[in-house]
Amino acid sequence: MTFYEAAVEVLRRSGRPLHYKKITEIAVREELLSHVGKTPHVTMGDRLEREIKKNEDTVINQMRPGVFKLDEDYAEQLTRKVRKERKEKK
């Protein structure tokens, strides 16, 4: 996953706003990132800030400096999709 995709997944699972360093910690621990590098927290913070600035339709919102949350409607849709996929696999 890209840093942005990993952040979306981490925020969906947590269900609450998180600091980009915590998002990175969880993404690395859960092996969600396709590559990590030497300073993944710096990259995560940068990618999230850039996505918010360039894309007004982003599903991640910044609550305050360094703290991000997933759009509630999108989070609900994504959670339903994941549950449906899990149910179909059984």
Side-chain angles (χ1 to χ4, degrees):
M1 290 184 174
T2 66
F3 279 84
Y4 181 77
E5 292 167 341
V8 168
E9 181 60 18
V10 168
L11 290 168
R12 183 193 68 80
R13 290 179 186 179
S14 75
R16 62 188 177 93
L18 294 173
H19 192 275
Y20 71 88
K21 289 183 180 180
K22 188 67 174 175
I23 295 170
T24 307
E25 176 188 320
I26 294 168
V28 169
R29 184 177 63 233
E30 299 290 324
E31 298 180 355
L32 298 177
L33 297 167
S34 54
H35 67 280
V36 178
K38 289 184 179 184
T39 55
H41 62 284
V42 173
T43 304
M44 181 66 77
D46 180 61
R47 293 294 190 283
L48 294 176
E49 294 268 346
R50 263 201 267 161
E51 182 66 27
I52 288 169
K53 285 180 184 175
K54 79 172 188 173
N55 185 358
E56 64 185 45
D57 295 328
T58 186
V59 297
I60 294 180
N61 302 305
Q62 189 167 16
M63 304 294 297
R64 56 185 180 274
V67 178
F68 300 89
K69 76 170 195 156
L70 194 58
D71 177 77
E72 290 175 19
D73 291 335
Y74 182 77
E76 214 174 281
Q77 290 173 346
L78 193 56
T79 298
R80 278 195 301 261
K81 180 182 174 187
V82 168
R83 286 181 183 151
K84 182 180 177 184
E85 288 171 358
R86 286 182 184 158
K87 194 175 187 179
E88 289 173 355
K89 287 182 181 180
K90 289 182 178 182

Visitor: Would you say the side chain of Val59 lies within less than 4.5 Å of the side chain of Leu78, judging by non-hydrogen atoms?
Guide: no
Visitor: Mind checking whether Val42 and Ile23 sit in one hydrophobic cluster, side chains of I, L, V, M, F, W, Y counted as touching below 4.5 Å?
Guide: no
Visitor: Would you say the side chain of Gln77 lies within less than 4.5 Å of the side chain of Arg80, judging by non-hydrogen atoms?
Guide: yes
Visitor: Could you tell me whether Glu72 atom CD has more than 12 heavy atoms of other residues or ligands within 6.0 Å of it?
Guide: no
Visitor: Looking at CZ of Arg50 and CG of Asn55, how far apart are the two atoms once the value is rounded to the nearest 0.5 Å?
Guide: 13.5 Å
Visitor: Please answer: with hydrophobic residues joined when any side-chain heavy atoms are less than 4.5 Å apart, are Val10 and Ile52 in the same cluster?
Guide: yes
Visitor: So how far is it from Met1 CE to Leu32 CG, rounded to the nearest 0.5 Å?
Guide: 5.5 Å
Visitor: Given side chains that start at C-beta, do those of Leu48 and Tyr4 come closer than 4.5 Å, heavy atoms only?
Guide: yes
Visitor: Hey, what do you get for OH (Tyr20) to CD (Gln62), rounding to the nearest 0.5 Å?
Guide: 10.5 Å
Visitor: Identify the two heavy atoms, one from Ile26 and one from Leu18, that lie closest to each other, and give their separation to 0.1 Å.
Guide: CD1-CD1, 4.2 Å
Visitor: Taking atom CZ as the centre, does Arg29 end up with more than 12 heavy-atom neighbours from other residues, nucleotides or ligands that are less than 6.0 angstrom away?
Guide: yes
Visitor: Regarding Arg47 and Glu51, does a basic nitrogen lie under 4.0 Å from an acidic carboxylate oxygen?
Guide: no
Visitor: Assess the pair Phe3 and His41: is the distance between their ring centroids shorter than 6.0 Å?
Guide: no
Visitor: Going only through I, L, V, M, F, W and Y residues with side-chain contacts under 4.5 Å, is there a path from Val67 to Ile60?
Guide: no
Visitor: Of all the heavy-atom pairs spanning Lys69 and Leu11, show the shortest one and how long it is.
Guide: C-CD1, 4.1 Å
Visitor: By the definition side chain to side chain contact (heavy atoms under 4.5 Å, CB included), identify the one residue from Glu49, Lys22, His19 that meets it with Phe68.
Guide: Glu49
Visitor: Are the charged groups of Glu25 and Lys21 less than 4.0 angstrom apart, N to O?
Guide: no
Visitor: If you define the side chain from C-beta out and look only at heavy atoms, does anything of Glu30 sit under 4.5 Å from Arg13?
Guide: yes
